[in-house]
Amino acid sequence: MEQKKFLKFCLTTEALQSYLPLFEGNLYDFLSHSPAFQGFEGSICVTKVMAELTIFMASRTLQGKEVRQKFDSTFAELYHDLDMGFTPVNFMMPWLPLLENRRRDHAQRMLANTYIEIIKARRNLKKGQPLTENDMIWHLMSCRYKNGNPIPDQQIVHMMIALLMAGQHSSSSVASWIMLRLASRPDIAEELYQEQVRVLGLSDKRQMKRLTYEEIGLLNLNSLVVKETLRLHAPIHSIVRAVKSPLTIQTNKPSELESRVYNIPTSHVLLSAPGVTAQSSEHFANPSSWDPHRWEAQPAVKDGNEKVDYVYGLVTKGVSSPYLPFGAGRHRCIGEQYHSPDGAPVQAETD
Ligand code: HEM
């Protein structure tokens, strides 16, 4: 949890505000260079393009200049190999002599070496030499555990790779679904465009003006599109926990079930799937239809205002909402806010 608190530093509102110009810069750069966005018609592989875009934007903002520069060459390939080792079989049996597992391990070692070199080079900067931007690597290099110890370089490396993986998969998957859903609903795409023209205005050259952090909050339909897409296509469909000590669970609705009490031994692993309630007609009318406007009428969940701090900052204590795409409890996502400003300019520019 202490490490989670260190990571949270780069996801604060102030940090996110400072990323916005970087997001936009990378986005415009991508749109002008990527073959996928030349001309006004044609077909593209949405998942591939969104994965590329997300990794460029995340690497530049969270990981720092050096990592972003390396993504143009070797890093992207290594990341791909790491990514291919991210399927259930690799999780269940990470030791299997599969080609994917070997490539994954090789990529992990190469990426780790690269991060170590970046950290070393930064430590060797002469006193008085200007710092590069205040990114996550700098921050972790200056953090100390409660016992006063600095974070060992190897741990910084592992945290940086974990962050890269945590943010990339989820964000690029949601971005792809948004594009695909919008392609099937031109009326919503048009509404989104009109909202952006209304809120952001057009420049003299009839181009959309640059977005400010505050304006993101005014793009109401934009946020409903993200919310509704996360309801139907939450990227993390299964959340698993190993039972560490014997657990007794009493069901809330005993009348509907044969057994009211479950005794769960430590040999078990529990799996929760938040998408089940998010797509249930018990909570959402016509649940399989993608309708961002449903949230305008959706009753708010009464989960109470109580908050709890698991060391990395206050989070809502309640877990009874049928809609929990970012999880709940101590392992709840710390990237929720990051995801929104990341998505907003992308959606606005590609509409
Ligand atoms: C649409 C985007 C995202 C979704 C839907 C999402 C969803 C989730 C969920 C459901 C969890 C809980 C996992 C569990 O309980 O085991 C989680 C954890 C986490 N997320 Fe995200 N996430 C997103 C984006 C991000 C981003 C952009 C970052 C970082 C920049 C991030 C960093 C993390 C981290 C570090 C954890 C681990 C927390 C822990 O184990 O304590 N996420 N995320």
Side-chain angles (χ1 to χ4, degrees), residues 1-13 15-16 18-20 22-23 47 50-51 53-64 67-68 79 86 91 135-137 139-140 155-156 158-179 181 222-244 269-278 308-316 319 321-347:
M1 284 300 133
E2 264 192 87
Q3 292 183 340
K4 199 167 171 183
K5 183 178 166 187
F6 298 150
L7 293 178
K8 189 93 197 283
F9 164 84
C10 282
L11 300 166
T12 58
T13 306
L16 294 171
S18 73
Y19 297 154
L20 201 55
L22 296 177
F23 279 140
T47 48
M50 286 299 138
L53 178 57
T54 314
I55 200 80
F56 284 154
M57 289 168 74
S59 58
R60 177 66 183 86
T61 51
L62 291 178
Q63 305 259 328
V67 175
R68 170 67 184 90
Y79 175 81
F86 220 65
F91 274 107
D135 55 34
M136 184 64 93
I137 299 183
H139 172 63
L140 294 178
Q155 284 186 20
I156 297 184
H158 291 152
M159 286 160 77
M160 292 305 294
I161 295 178
L163 195 68
L164 192 65
M165 303 302 282
Q168 161 67 13
H169 275 274
S170 38
S171 301
S172 89
S173 146
V174 179
S176 299
W177 276 114
I178 289 175
M179 292 302 150
R181 286 291 183 178
N222 190 80
S223 73
L224 296 186
V225 163
V226 176
K227 197 167 181 177
E228 178 66 347
T229 308
L230 279 169
R231 186 181 69 80
L232 284 181
H233 307 291
I236 304 207
H237 47 75
S238 307
I239 296 178
V240 287
R241 296 284 184 271
V243 180
K244 293 282 187 181
V269 170
L270 291 177
L271 185 149
S272 138
V276 172
T277 48
V308 58
D309 189 350
Y310 298 107
V311 175
Y312 62 88
L314 285 175
V315 291
T316 315
V319 292
S321 169
Y323 176 80
L324 292 171
F326 293 98
R330 66 181 63 239
H331 288 286
R332 193 188 196 290
C333 185
I334 49 172
E336 180 174 354
Q337 279 191 315
Y338 174 86
H339 175 72
S340 307
D342 188 346
V346 174
Q347 230 167 279

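We count ligands from 1, going down the list as the structure has it; atoms in each ligand are counted the same way.
At a threshold of 4.5 Å between non-hydrogen side-chain atoms, the residues Ile239 and His331 do not count as touching.
For Ala273, the side-chain contact (heavy atoms from CB on, under 4.5 Å) partners are Leu271, Val276, not counting sequence neighbours.
Atoms of ligand 1 found under 4.0 Å from any heavy atom of Gly327 (numbered from 1 in listed order, with element): 10 (C). Using a 4.0 Å cut-off to heavy atoms of Pro235, the atoms of ligand 1 that qualify are 5 (C). Here is the list of ligand 1 atoms found below 4.0 Å of a heavy atom in Pro325: 5 (C), 7 (C), 10 (C). Under a 4.0 Å criterion applied to the non-hydrogen atoms of Ser170, ligand 1 contributes the atoms 2 (C), 3 (C), 4 (C), 22 (N), 23 (C), 24 (C), 25 (C). Ligand-side atoms of ligand 1 in range of Val174: 1 (C), range being under 4.0 angstrom from any heavy atom.
Between Ser171 and ligand 1, no N or O atom pair is found at a separation short of 3.5 Å.
The heavy atom nearest to atom 33 (C) of ligand 1, out of those in Pro274, Ala162, Ala166, is found in Ala166.
Residue contacts with ligand 1 include Arg241, since one of its heavy atoms falls under 4.0 Å from the ligand.
Here the shortest heavy-atom pairing between Ser176 and Thr47 reads OG-CA, 3.4 Å. Closest approach of Met136 and Phe6 over heavy atoms only: SD-O, 4.4 Å. Closest of all the heavy-atom pairs between Ser172 and Thr54 is CB-OG1, 3.2 Å.
For residues 229-238, the set of pairs meeting the salt bridge (charged side-chain N to carboxylate O under 4.0 Å, His left out) definition, not counting sequence neighbours, comprises Glu228-Arg231.
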